Amino acid sequence: MHTPNPPLGLAYIAGQVRRSELDLSVIDAVGEGLDEIQPYKARKDLMVQGLSVPEIVGRLHPSTDVVGISCTFSTFWPLTREVVGAIREARPGVRIVLGGEHGTAVPENVLRTSKVDIVVLGEGEEVFVRLLNCLRNNTPLEDLKGVAFLADGEFHSTGPSPRQRALDKIALPAWDLFPLEKYIDRHQINGMNIGRSMPLLATRGCPYQCTFCSSPKMWTTRYIPRDPILVVDEIQSYMERYSVTNFDFQDLTAIVKRSWAISFCNELIRRDLKITWQMPSGTRSEIMDGEVLDLLYRSGCRALAFAPESGSPEILDEVKKRVSLEHIERAVSAAIQHQLKVSCFFVIGFPSETLFTLKQTGRFIRKMARIGAHDISVSKLIPYPGSELFLDLQKRGRI
């Protein structure tokens with residue numbers, strides 16, 4: 001099961017395209033069909049939420065010449081490929097562009113097993129706008145950094161474009177083009193239901209290199225925070241426009257820098273916006289001391305998640321999860337003392353997992369429960385395309 005979220009990445013892309021004065025329209029196939037649930041025809045034990053494939057194709061604007069599609073998680077690729085095929089059949093002349101983590105991870109596979117014409121690699125806002133201009137002006141794609149394509153059956157990749165460092169210069173999400181109220185009304189968003197909510201992104205990237213994560217392939221390991229004052233400006237604008245009172249930060253690793261966290265919290269406290277906010281996707285534990293946790297709570301933070309992943313130091317070392325279980329333990333305890341709801345994420349089934357390491361994880365999970373963690377999620381390992389672990393298992397013939 002995947003809880004739908006307003007498509008933050010696509011909203012950013014739409015904002016950047018509109019700023020460039022290019023014509024666009026948006027089809028949010030999930031948001032426009034949140035109440036439509038049907039069996040997935042390829043797997044009757046799975047259900048699909050959102051518009052049907054024919055409905056999606058039917059909503060394409062008649063003058064469309066480029067279709068951009070996002071595929072964030074590889075588990076969505078089979079359905080995405082079906083949508084791509086239907087668009088190609090209905091509109092043979094359009095150029096189909098895929099963005100997101102799946103395409104960035106395995107661009108050649110995407111191009112050879114689907115009707116996708118071009119894959120955008122990595123961070124997409126500026127590359128996609130440049131690509132649209134290239135297509136309009138018939139400029140060779142070889143001159144554009146950040147794309148992959150086939151030419152005469154040969155695979156070509158120009159490599160990922162440099163990361164965007166000036167995040168505050170990127171256009172804000174074009175939420176007016178999306179059925180945002182439908183998500184808000186039904187609380188279809190990743191986070192505790194504590195009121196009308198909006199997704200938000202305050203940082204991009206993660207400086208860590210966990211072997212099971214595809215983030216380094218998509219974002220590199222450069223962690224870039226936005227100006228905390230501008231983040232609060234964005235929060236305030238959404239309060240006024242959408243009457244929202246809660247904000248769910250979708251960052252890969254929301255808080256890494258102590259100074260940024262303090263500045264952000266102090267700005268929220270200074271403005272006295274009376275909001276709540278949370279970090280459901282996870283954050284680091286190292287800076288979570290009494291001062292920071294007090295500021296988090298006073299600024300409206302009510303929930304956060306830590307990701308120990310394993311209770312075995314050997315496993316953590318093997319998967320390059322640079323985390324101290326002692327730090328996690330202290331941070332969870334301190335966060336609960338500061339009245340924050342705490343979630344913990346664990347993964348079992350790493351390649352070198354043994355009964356002994358599983359028991360270590362079980363003991364640590366019980367310890368988190370005794371301390372008072374409110375929610376503990378245990379998932380089985382999925383070797384994710386684009387991750388170091390996936391590539392290693394491929395080389396060893398296990399995938």
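Numbers for residues simply follow the sequence, beginning at 1. Since the structure is predicted, the reported quantities are computational estimates derived from the model, not experimental observations.
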Asker: Taking 4.0 angstrom as the limit, do K115 and E89 come out as a salt bridge?
Answerer: no
Asker: If you measure from the Lys or Arg side-chain nitrogens to the Asp or Glu carboxylate oxygens, is any gap between D233 and R271 under 4.0 Å?
Answerer: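 Salt bridge flag = yes for R271 with D233.
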Asker: Just by distance, with hydrogens left out, do H102 and S74 show a side-chain donor and acceptor under 3.5 Å apart?
Answerer: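 Yes - a donor-acceptor pair under 3.5 Å links their side chains.
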Asker: With a 4.0 Å cut-off on N to O distance, would you call R196 and D185 a salt bridge?
Answerer: yes
Asker: Does a salt bridge link R59 with E55, judged by any charged N lying under 4.0 Å from a carboxylate O?
Answerer: no
Asker: Is any NZ, NE, NH1 or NH2 atom of the basic residue among E326 and R330 found under 4.0 Å from an Asp or Glu carboxylate oxygen of the other?
Answerer: no
Asker: Closer than 4.0 angstrom, basic N to acidic O: yes or no for D289 and R258?
Answerer: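 So D289 pairs with R258 through a salt bridge.
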Asker: Aromatic rings F346 and F364: how do their planes relate, parallel, tilted or perpendicular, breaks at 30° and 60°?
Answerer: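 Plane angle over 60°, so perpendicular.
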Asker: Would you call E125 and R204 a salt bridge, using N to O less than 4.0 angstrom?
Answerer: yes
Asker: Should R18 and D23 count as an ion pair when the cut-off is N to O under 4.0 Å?
Answerer: no
Asker: Taking R270 first and then D272, would you say they form a salt bridge - that is, a charged N and a carboxylate O separated by under 4.0 Å?
Answerer: no
Asker: Output yes when E32 and K182 qualify as a salt bridge under the 4.0 Å nitrogen-oxygen rule, no when they do not.
Answerer: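 Salt bridge between E32 and K182, a charged N being under 4.0 Å from a carboxylate O: no.
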Asker: Is it true that atom CZ of R322 has more than 12 heavy atoms of other residues, nucleotides or ligands lying nearer than 6.0 Å?
Answerer: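 No - once you tally the heavy atoms of other residues, nucleotides and ligands closer than 6.0 Å, there are 12 at most.
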Asker: For R396, does the CZ atom sit with more than 12 other heavy atoms under 6.0 Å from it, leaving out its own atoms?
Answerer: yes
Asker: Please determine whether residues Y384 and I348 belong to a single hydrophobic cluster, defined as Ile, Leu, Val, Met, Phe, Trp and Tyr linked transitively by side-chain heavy-atom distances below 4.5 Å.
Answerer: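 No, Y384 does not connect to I348 through the hydrophobic network.
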Asker: Parallel, tilted or perpendicular: which describes the rings of Y238 and F247, with under 30° parallel and over 60° perpendicular?
Answerer: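 If you compare the ring of Y238 with that of F247, the planes turn out parallel.
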Asker: Examine the side chains of S114 and W77 and answer whether a donor and an acceptor come within less than 3.5 Å of each other.
Answerer: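 Per modelled atom types, S114 and W77 side chains form no pair under 3.5 Å.
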Asker: Is R241 salt-bridged to E234, cutoff N-O under 4.0 Å?
Answerer: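 So R241 does not pair with E234 through a salt bridge.
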Asker: Please report whether the ring centroid of H156 lies less than 6.0 Å from that of F149.
Answerer: yes
Asker: Within a 6.0 Å radius of atom CZ on R43, are there more than 12 heavy atoms belonging to other residues, nucleotides or ligands?
Answerer: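 At most 12 heavy atoms, drawn from other residues, nucleotides or ligands, come within 6.0 Å of this atom.
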Asker: A quick test of your reading: do over 12 heavy atoms of other residues, nucleotides or ligands sit less than 6.0 Å from CD of Q209?
Answerer: no
Asker: Can you find a side-chain donor-acceptor pair between S214 and E101 that sits under 3.5 Å?
Answerer: yes
Asker: Please determine whether the number of non-hydrogen atoms from other residues, nucleotides or ligands lying under 6.0 Å from atom CG of D152 exceeds 12.
Answerer: no
Asker: I'd like to know if the side chain of Y12 reaches the main chain of G124, judged simply by a donor and an acceptor atom lying under 3.5 Å from each other, with no hydrogens or angles considered.
Answerer: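 No; judged by distance alone, with no hydrogens or angles, the pair does not exist.
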